[in-house]
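To keep things clear, I will list the structure first and then write my remarks on it.
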Amino acid sequence: MKHNEQSWFFYIGKIIPYLKKDKWLFMFGLFAMLLTSGMRLVDPLILAHIIDKSIPRKDMTDMLRYGGYFVIVIIISGILSYLQIILMSRLGIKIITNFKGNVFRHLLKAPLSWFNTQPVGELIAKVESDSERVKNLFSDLSIQVIGNIIFFVGVYVILMIKSSRITLLMTAPAIIIMVSYYFVVRYLSKYYRRIRELYADITAKITDFVQGMQVIQVLNQQQKVFNHLSKSSSSKKAMDTKASFIEYGMQGVFAFVFEVLFVIIIIKVSAPRIIIGTMTIGTLFVFIQYIFKLMWPLMNISENVMQIQRSFVSLKRILDLTALTTEEEIHTGSKIPLFEHEIRFEHVWFAYKDEDWVLKDVSFSIPKGQKIALVGASGSGKTTTVSLLCGFYQPQKGKILIDDVSLDDLDIYLWREKIGLILQDIFLFPGNILENIRVYNDEVSIKDVKKAVNIVQLDDFIQNQASGLQTELAERGQNISQGEKQLISFARALAFSPEVIIMDEATASIDPQTETRIQKSMERVLENKTAVIVAHRLTSVLDANQILYFRDNEIIHRGNHNELMSTCEDYKRLVELQMLSSSTEDTIETI
Ligand SMILES: Nc1ncnc2c1ncn2[C@@H]1O[C@H](COP(=O)(O)OP(=O)(O)OP(=O)(O)O)[C@@H](O)[C@H]1O
Ligand SMILES: [Mg+2]
C-alpha cells in the first residue's frame, strides 16, 4: 500500500476536491452555522434587557418589544439550525456517495492477487462503517464542533465584558470538568470498540449460518447454532449494559456537579455585588443561562475530539484503499495482441506466496486451433496455469508468449477480450439470465446472446421459464440446477465471440443425461476454437490434441490419449477408474 506514512494534511488535501464540487452547499451550511451560533448567544441578552431595564422602568411597550425580539430570535434560530442540519447532511451524503463510488471503481481495478489476501466481505463492511464515520465528519461533527467553538468564543467574550472576575473564576473548574470527562469518554471507548467487534462477529456468524442453512438442517444442528449465537449475543448484552451504566451514570454526576457547582460559585460571587448595585440581576441571569447552554457542548467536546480522531482513521483507511496499486499499473504492456500461431509457456515458475512453488518449470505450446487438456490430481496447479494465461497473476520466472510476444508486453485487456473463460466455480450475479450471459455488457446484442444460448442448447430451458431470458435468477443461482448453471456459463463465454476458450471443468457430479448434454454443448462450443480445458471428466479429453498430465506442480507426461495410455501409469489408472464408474452408471441405468 502506498501513502502509508502520510500526514493528516495529506488526507485533508484529498477531501478538498470533494468539497469543491459542492462549495456552495458548504458555504451556505457554514453561513447558517455561524448565524445559528450567533443567535444562541443573543436570547439570554434580550431577556437580561427585560429584567434589568423594562421591568424596573415598568415600561410595558419596551417589554413587549423585547419579548417580540426574543420570539423572533428563537424562530429564526430554529429555522436556521434546521437549514444548517439539512445542508450539512446533504453535503455529507453527497461527499460520501462520491467517495464510495470511487472506492468501488478502484476495487474493480485491483489485481486478483490482492483480493486473495483480503477477506473482502469484511473489507466492504469496513468501507460501509468507515464511510458512515466520514459522513458524520461533514454533517453532525462539523456542525457540532464548529458551532460550539464559535459559541464558546462568543460566550467567553460576552462574559468577560460583563464580569471578567467571575468569568476567570469559572474557567478553571470548566477546564477540569472537560478534561476529566475526556478521560471517562476515553475509558468508555474501549468498551465501545469491544461492542463493535462483538457486533461484527455476530453479523458474520449469522451470515455464515444462513448461507450454510442446508448443512445445519440436514445435520440437525439448529440448537447448537442457536446456542453458539446466544453466547456471543449475551456477552454483547453484558458489555452494552455495563457501558451504558458507566456512560449515563457519569453523565448524571457531571451534569449535577456542573450545574450545582457553577450556580453556587456565581451566586456566591455576584450576590454581594448585586446588593451593592455593581452588578445587575440581568447579568446573573445571563451567566446562569450560558452555563446551562454550555454544559452539554462542553462535555460533548471530549466526545467530538475522539469522534474526529476516529473519522480520520476511517478516512485514512478508505483513502488507502483508493491508493492501492491497480491492474493498470501492473500491466503496463501496450502491444496489440495478435494470435495467429501459438500460445507458449516457457519454463514458467509461479508461487502465490514466497517460494511455495505451485508451478515448477512448466513449458508447453498451444498451436492455434488446437485443443489442449490439463489433467491431474487436485491441487497440482491446473487452475493456476489458466489463471496465469489470463494475466490474473504474473509468473516469477519464465515467460508466457502469444505469437512470440510476452504477455507482459501486451495490452492485457485486449488479450482478455480474446478469451472466453469458463470457471470451475460458476458465479452467477444477481439479475436475470440475459444479464448473467452478457455480464451487463450492452455491446453484446440480444441476438448474440440468443445465438450462444442456441449453441449450448439452452433454448428449451429458457423457453420454459416464465419470462424467457428476462427470468430473474435467485441469489447464486439457487433456483436452477448445477447443469443449467454450467450451460449458462458456456453461453456466457460464447456470447463474447472469443478466439480462445478456457474451460476449468467443474468437479460437481451431474447425472449421466446432463453430462451427455453438456458434452455435446461443449463440442459445439469448442468447434473451430483454440481451447484449453482443465478436465476432470476424461470423456472431455479423449479427442484433445495434447494432454498435459500434472502431478506435484509439474507436467510429468504429455501426449494424446493413446500415447498417455501407454506412457503414463497415473493417467491409465484414472481412465480405468472412470470407465469403471461410468460402466456402473450404465448398469444402474439398465436396471
Ligand atoms: N489464491 C491462492 N492463493 C494461495 N494458494 C493457492 C491459491 N489458489 C490455489 N492455491 C494453491 O495452489 C495449488 C494449486 O492450486 P490449483 O487451484 O491450481 O489446483 P488445481 O490443479 O486446479 O486443483 P483442482 O483440480 O482441485 O481444481 C494448491 O496447493 C492450492 O492450495
Ligand atoms: Mg482447479
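None of these values were measured; they are calculated from a predicted model. Just so you know, ligand 1 is whichever comes first in the structure, and atom 1 is the first atom listed for that ligand.
Phe350 and Tyr393 have tilted rings, their planes meeting at an angle from 30° to 60° on a 0 to 90° scale.
In this structure, Lys529 has no side chain to side chain donor-acceptor pair (under 3.5 Å) partners at least two apart in sequence or on a different chain.
Heavy-atom proximity to atom 26 (O) of ligand 1, evaluated over Ser387, Ala351, Ser378, is greatest for Ser378. When Ala535, Gly379, Ala377, Gly376 are checked for heavy-atom proximity to atom 23 (O) of ligand 1, Gly379 turns out nearest. For atom 6 (C) of ligand 1, the candidate residues are Tyr393, Trp357, Tyr352; the nearest heavy-atom contact is made by Tyr352.
Residue contacts with ligand 1 leave out Lys353, since none of its heavy atoms falls under 4.0 Å from the ligand.
In this structure the side chain of Val532 never reaches within 4.5 angstrom of the side chain of Val534, judged on heavy atoms. Under the 4.5 Å side-chain criterion, counting only non-hydrogen atoms from C-beta, Val439 is in contact with Arg492. For the pair Phe99/Asn102, no side-chain contact is recorded, criterion being any heavy-atom separation below 4.5 Å from C-beta on.
Salt-bridge check for Glu576 with Arg573: failed, with every basic side-chain N at 4.0 Å or more from each acidic carboxylate O. A salt bridge is defined here as a Lys NZ or Arg NE, NH1 or NH2 lying under 4.0 Å from an Asp or Glu carboxylate O, and Glu128 with Lys100 meets this definition.
Close approach of ligand 1 to Thr383 (heavy-atom distance below 4.0 Å) involves ligand atoms 17 (O), 18 (O), 20 (P), 22 (O), 27 (O). Applying the 4.0 Å criterion to heavy atoms of Val358 picks out, from ligand 1, the atoms 12 (O), 13 (C), 14 (C). In the vicinity of His536, heavy-atom distances shorter than 4.0 Å reach the ligand 1 atoms 25 (O).
Counting heavy atoms under 4.0 Å from ligand 1, residue Thr384 touches it through both backbone and side chain.
Among the atoms of Thr383, an N, O or S atom falls under 2.8 Å from the Mg ion (ligand 2).
Considering both main-chain and side-chain atoms, Gly381 comes within under 3.5 Å of ligand 1 through a nitrogen or oxygen pair. Taking only nitrogen or oxygen atoms, main chain and side chain alike, Asn553 does not reach within less than 3.5 Å of ligand 1.
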Less than 3.5 Å apart, which donor and acceptor atoms pair up between the side chains of residues 449-458 and the rest of the protein, not counting sequence neighbours?
{"unit_1": "Asn454", "atom_1": "ND2", "unit_2": "Asp459", "atom_2": "OD2", "d": "3.3"}

